[in-house]
Undergrad: 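First the structure, then my questions, so here it is.
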Amino acid sequence: MLDRKYIVDNVEAVKQNCANRNISVDVDRLVELELQRRGKLQLVQDLNTQSNAESKKIGQAKDSEERESLKVSARALREQKDAAQAEHDVIDREIKELQLQVPNMAHSDCPVGVDDKSNLELARGKHTCREFDFAPLDHLELGEKHDWIDFEGGSRTTGNGFYFLKGDLVMLDLALQQFAMVELSKRGFTPTITPDLAQDSVLEGIGFMPRGPETQIYSIENMNLSLIGTSEITLGGLYSGKTIAESELPIRLCGISHCYRTEAGAAGRASRGLYRVHQFTKIEMFVFARPEQSDAMHEELRQIECDLFDAIGIPYRVVDTATGDLGGPAYRKYDLEAWMPGRGESGEWGEVTSTSNCTDYQSRRLNIRYKVKDKKGTHFVHTLNGTAFALSRALISILENHQNADGSVNVPECLQLWVGKSVIGQTPAAESA
RNA sequence: GGAAGAGUGGCUGAGUGGUCGAAAGCGCCUGAUUGCUAAUUAGGUGAACGAGUCAAAUCGUUCCGCAGGUUCGAAUCCUGUCUCUUCCGCCA
């Protein structure tokens with residue numbers, strides 16, 4: 001959420017930003033209400049001052065007659081105060097509602113455009129898209145062939161969109177997790193296993209709407225808990241309400257959790273197989289930084305994502321997300337899109353990671369501050385997040401890019417230690433050869 | 001899951017209706033002093049919001065887990081809720 005003072009002082013910029021992001025919010029109304037509210041607040045405080053002073057006199061009153069007469073006037077003052085406070089609160093609630101709709105400001109370098117058509121390709125990975133001398137299978141066909149992925153069993157036990165992973169694909173999944181955690185801890189990230197559930201207030205702080213009609217979130221009946229859609233939620237929530245010493249920043253965390261998404265309304269061939277599922281595992285990077293660090297931190301996260309996908313030999317492109325395609329909390333967002341040969345007619349780019357700089361948008365809601373030693377006051381930290389591996393999609397990219405004509409799949413060298421094999425899905429004869 | 005107890009400032013901890021933003025100690029900061037890797041001593045030391053200022057100073061409001069309530073007035077009484085501790089039960 002943006003600071004009200006900032007909105008009032010930068011009305012035109014905020015309005016332009018809303019337009020760029022294709023979000024309509026009545027900013028003028030918000031500003032008008034906020035100015036009204038400030039006046040009311042002053043009134044409330046004045047009345048409270050008087051009311052407090054009157055109450056104090058009662059304690060020092062000489063006799064009960066004086067006491068009684070003071071009580072009457074003090075009660076009247078309090079009632080006036082309560083009335084003014086109630087008016088203030090009505091205005092405040094309306095402002096808050098509007099304020100929550102205002103998206104974060106966008107980075108000045110963000111491509112401007114109302115949707116993803118304006119996204120800008122910034123770079124390509126180290127590996128080029130492979131030319132196949134056979135007809136490549138998609139990950140579902142490969143998964144069925146080797147009994148690696150069982151959607152039928154998933155829907156029988158749980159429901160449509162759930163799946164079982166089996167056999168060597170599980171080993172590959174775990175290897176990716178292990179590899180990412182090792183790489184990230186080398187780079188100063190603290191490995192973190194988070195809860196898979198979080199309180200609704202934390203979800204809201206991060207920018208998710210847990211209970212609305214179009215929610216992406218599964219929630220628990222009769223409790224204020226929901227299944228998390230990403231460990232960004234729990235990692236951000238970990239510091240909610242805290243004031244961090246400046247010297248501790250930046251704080252780099254890498255979380256592993258299951259992620260749950262209802263995916264209401266998403267369907268179609270582009271969502272086939274593991275691409276869009278209700279549950280997957282994700283390794284997520286999360287950083288708390290000082291404001292002046294956050295741009296550089298964002299580049300660092302992007303570079304790590306590139307390094308990880310370079311390491312597993314996947315061709316990808318880096319996309320700078322256009323204003324209209326940014327989520328509400330993001331100031332700037334980069335996506336890595338991996339080449340998926342089995343996607344669409346003859347291969348397509350598919351989003352595998354996403355890294356956002358949310359500046360102080362989340363920390364303001366979650367009340368996460370930092371303090372500079374020996375200086376008065378506190379400031380909001382900047383928060384950033386980035387995907388290391390979303391396992392389901394990383395698996396798609398490996399299966400489809402590293403498949404062989406016989407349906408076996410080469411294991412990237414950096415993962416072989418944990419998989420225990422250099423090729424998976426070979427016939428027993430080939431394996432012993 | 002059952003029972004009992006507790007949640008106060010950076011930390012320990014006092015405070016059961018009015019001068020409490022809150023004793024005391026520790027820590028930290030500033031100064032003094034003794035020439036010795038420290039002791040002694042004086043003073044200072046929370047945050048948010050609003051007003052004010054070039055910036056300060058200053059003033060006001062709020063904050064004693066959280067949310068409500070009672071009252072002229074609440075850290076203190078009442079209700080709900082969360083968390084922690086101990087004991088019991090259950091259990092991978």
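Throughout, protein chains are lettered first and strands after them, A, B, ... in sequence-line order, and every chain is numbered starting at 1.
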Undergrad: In whole Å, what is the span from the CD atom of A:Q45 to the C1' atom of B:rG52?
TA: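 To the nearest whole Å, that distance equals 13 Å.
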
Undergrad: At under 4.0 Å between heavy atoms, what does A:K5 touch on the DNA or RNA strands: base, sugar-phosphate, or nothing?
TA: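 Sugar-phosphate only.
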
Undergrad: Could you check whether A:N52 gets within reach of a base, just the sugar-phosphate, or nothing at all, counting any heavy atom under 4.0 Å?
TA: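 Here A:N52 touches the backbone only, sparing every base.
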
Undergrad: With a non-hydrogen cut-off below 4.0 angstrom, is A:T243 in contact with a base, only sugar-phosphate, or nothing?
TA: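 No contact at all - A:T243 keeps every heavy atom at 4.0 Å or more from the nucleic acid.
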
Undergrad: If you assign A:Q199 and A:L41 each to the RNA chain B nucleotide with the nearest heavy atom, which residue ends up on the more 5' nucleotide?
TA: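 Result: A:L41.
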
Undergrad: Would you please confirm or rule out a distance under 4.0 Å between OP1 or OP2 of B:rU61 and any side-chain N or O of A:T49?
TA: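 Checking A:T49 against B:rU61: at least one side-chain N or O falls below 4.0 Å of OP1 or OP2.
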
Undergrad: Let me have RNA chain B in dot-bracket notation, would you? Count Watson-Crick plus G-U wobble pairs, both distances under 3.5 Å, and use [ ] for pairs crossing earlier ones and | for inter-strand partners.
TA: ((((((((.[[[..)..(.....]]]((((((.(...).))))))((((((......)))))).[[[[[..)....]]]]])))))))....

Undergrad: Distance check, P atoms only: B:rU8 and B:rC84, in whole angstrom units.
TA: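 About 14 Å, rounded to a whole number of Å.
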
Undergrad: Is A:K40 touching bases, backbone alone, or none of the nucleic acid, heavy atoms closer than 4.0 Å?
TA: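 A:K40: no heavy atom of the nucleic acid under 4.0 Å.
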
Undergrad: Could you tell me how far B:rA67 sits from B:rU12 if I compare only their C1' atoms? Round to whole Å.
TA: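 Roughly 29 Å separates the two C1' atoms.
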
Undergrad: What pairs of nitrogen or oxygen atoms, one from the protein and one from nucleotides 17-23 of chain B, lie under 3.5 Å apart?
TA:
residue	atom	partner	partner atom	Å
B:rG18	N2	A:S55	O	2.8

Undergrad: What's the gap between B:rU71 and B:rG65 when it is taken at their P atoms, as a whole Å value?
TA: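 After rounding to an integer number of Å, I get 23 Å for this pair.
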
Undergrad: What interatomic distance, in whole Å, is found between C1' of B:rA42 and the corresponding atom of B:rG15?
TA: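 Straight-line distance between the two C1' atoms is 28 Å.
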
Undergrad: In whole Å, what separates the C1' atom of B:rC64 from that of B:rC11?
TA: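 My reading of the C1' atoms in B:rC64 and B:rC11 gives 16 Å.
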
Undergrad: With rounding to whole Å, what would you report as the distance between B:rG35 and B:rU45 at their P atoms?
TA: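 Between the two P atoms, the distance is 32 Å.
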
Undergrad: Does one side chain, of A:E54 or A:S73, offer a donor that lies under 3.5 Å from an acceptor on the other?
TA: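 Side chains of A:E54 and A:S73: pair found under 3.5 Å.
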
